[in-house]
Amino acid sequence: MDDVTISSCRASLSDQAAMVRLLQNVPDAEAIRTDLEQPCFTWRCQGTVQRSYWITGDGESALCLTVLGLNLDEVIAVWLAVDERRGQSGFTLSAQVLRDIIREELGVRAKVGDA
């Protein structure tokens, strides 16, 4: 838990190559790609490697935040906090927002970098 990192990747849904990069290694990538044709939010977790993916889209573009270093219980705690905040007016998920939520919920300082 000492080395938590968040990387960010954004792509237009019309850019096939960029979408392949965005969803690379994400479990259920094809189903998520279909879901992104409408506004959506989802997350996936690979607990054995402590990697989680936080994916949001508005029907035209998508954002994937990859978090390394959280176990499944920590990811679930963060997901519950994100889900609660998603209902608030003006909430937009970003690497910085997710970093702040991780710090508030877990007391962990995550580093933000590019994918």
Side-chain angles (χ1 to χ4, degrees):
M1 191 165 71
D2 293 332
D3 294 317
V4 176
T5 60
I6 302 170
S7 60
S8 176
C9 183
R10 186 175 296 277
S12 169
L13 270 61
S14 63
D15 185 337
Q16 189 72 356
M19 287 302 296
V20 167
R21 281 190 304 277
L22 182 130
L23 294 172
Q24 184 177 5
N25 300 320
V26 176
D28 303 321
E30 284 306 311
I32 292 169
R33 170 69 190 245
T34 301
D35 291 344
L36 288 169
E37 293 171 4
Q38 302 178 53
C40 74
F41 169 77
T42 190
W43 65 277
R44 298 293 188 273
C45 186
Q46 294 174 315
T48 57
V49 292
Q50 293 193 342
R51 179 178 296 136
S52 58
Y53 303 92
W54 305 78
I55 303 151
T56 186
D58 61 9
E60 294 181 21
S61 65
L63 170 69
C64 178
L65 303 174
T66 303
V67 178
L68 295 172
L70 298 180
N71 66 41
L72 183 58
D73 289 337
E74 293 165 333
V75 169
I76 290 170
V78 172
W79 173 74
L80 291 170
V82 168
D83 198 48
E84 180 180 311
R85 286 168 177 84
R86 284 182 55 235
Q88 298 172 355
S89 176
F91 177 81
T92 302
L93 187 63
S94 68
Q96 292 75 19
V97 167
L98 189 57
R99 176 198 61 205
D100 293 345
I101 291 171
I102 290 170
R103 185 175 347 156
E104 290 169 17
E105 293 301 313
L106 305 175
V108 173
R109 294 193 181 273
K111 295 176 239 159
V112 175
D114 294 323

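On a predicted model such as this, the values are computed, not experimentally measured, just so you know. Note that the numbering runs from 1 along the sequence shown for the chain.
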| When hydrophobic residues are tied together by side-chain contacts of less than 4.5 Å, even through go-betweens, does L68 share a cluster with W79? | no

| field | side-chain contact (heavy atoms from CB on, under 4.5 Å), paired with V67, selected from T5, V78, I102 | value | I102

| query | What pairs with A29 under side-chain contact (heavy atoms from CB on, under 4.5 Å), at least two apart in sequence or on another chain? | reply | L23

| query | Who passes side-chain hydrogen bond (donor to acceptor under 3.5 Å, both in side chains) against Q16, sequence neighbours left out? | reply | R33

| task | Can you run down the ring pair (Phe, Tyr, Trp, His ring centres under 6.0 Å) pairs that involve residues 52-74, sequence neighbours left out, and say none if there aren't any? | result | W43-W54

| request: May I ask you to decide if C40's main-chain N or O and T56's side chain share a donor-acceptor pair within less than 3.5 Å? | output: yes

| Quick one: CG on L63 to CZ on R10, what's the gap to the nearest 0.5 Å? | 4.5 Å

| query | Which of these passes side-chain contact (heavy atoms from CB on, under 4.5 Å) with I55: L36, T66, D35? | reply | L36

| Who pairs with P39 by side-chain contact (heavy atoms from CB on, under 4.5 Å), at least two apart in sequence or on another chain? | none

| query | When clusters are formed by joining ILVMFWY residues with side-chain heavy atoms under 4.5 Å apart, either directly or through shared neighbours, do M19 and L93 land in the same one? | reply | no

| task | Evaluate the side-chain proximity of V4 to Q50: yes if any heavy-atom separation is below 4.5 Å, no if none is. | result | no

| field | All side-chain contact (heavy atoms from CB on, under 4.5 Å) counterparts of L80, not counting sequence neighbours | value | I76

| query | What are the two closest non-hydrogen atoms of L13 and A62, and how far apart are they? | reply | CD1-N, 3.8 Å

| request: To the nearest 0.5 angstrom, please state how far the CD atom of E104 sits from the CZ atom of R85. | output: 4.5 Å

| note | Rounded to the nearest 0.5 Å, the CD atom of E74 sits from the SG atom of C45 at a distance of 10.0 Å

| message | Test: ring pair (Phe, Tyr, Trp, His ring centres under 6.0 Å). Region: residues 81-105. Which pairs qualify, not counting sequence neighbours? | response | none

| request: Could you list the residues that satisfy side-chain hydrogen bond (donor to acceptor under 3.5 Å, both in side chains) with S12, not counting sequence neighbours? | output: S14

| said: Please say yes or no: joined through hydrophobic side-chain contacts below 4.5 Å, possibly via intermediate residues, are L72 and I101 part of one cluster? | reply: yes

| said: Applying side-chain contact (heavy atoms from CB on, under 4.5 Å), can you list everything that pairs with R21, at least two apart in sequence or on another chain? | reply: A17, A18

| field | Same cluster (ILVMFWY, side-chain, under 4.5 Å), V97 and V82 | value | yes

| field | Sequence-distant partners of E60, salt bridge (Lys or Arg N to Asp or Glu O under 4.0 Å), two or more places apart | value | none

| request: Check salt bridge (Lys or Arg N to Asp or Glu O under 4.0 Å) between D100 and all other residues, then give those that pass, not counting sequence neighbours. | output: R103

| Of all heavy-atom pairs between A110 and I6, which one has the smallest distance, and what is that distance? | CB-CD1, 3.9 Å

| remark: Taken to the nearest 0.5 Å, the spacing of R99 CZ from K111 NZ works out to 13.0 Å

| note | Closest heavy-atom pair, P27 versus I32, reported as atoms and distance to 0.1 Å, is O-CD1, 3.5 Å

| task | List in chain and number order the residues that pass salt bridge (Lys or Arg N to Asp or Glu O under 4.0 Å) with D28, two or more places apart in sequence or in another chain; answer none if no residue qualifies. | result | R44

| message | Quick check for you: to the nearest 0.5 Å, what is the distance between L98 atom CG and L65 atom CG? | response | 5.5 Å

| Partner set under salt bridge (Lys or Arg N to Asp or Glu O under 4.0 Å) for R86, not counting sequence neighbours | D83

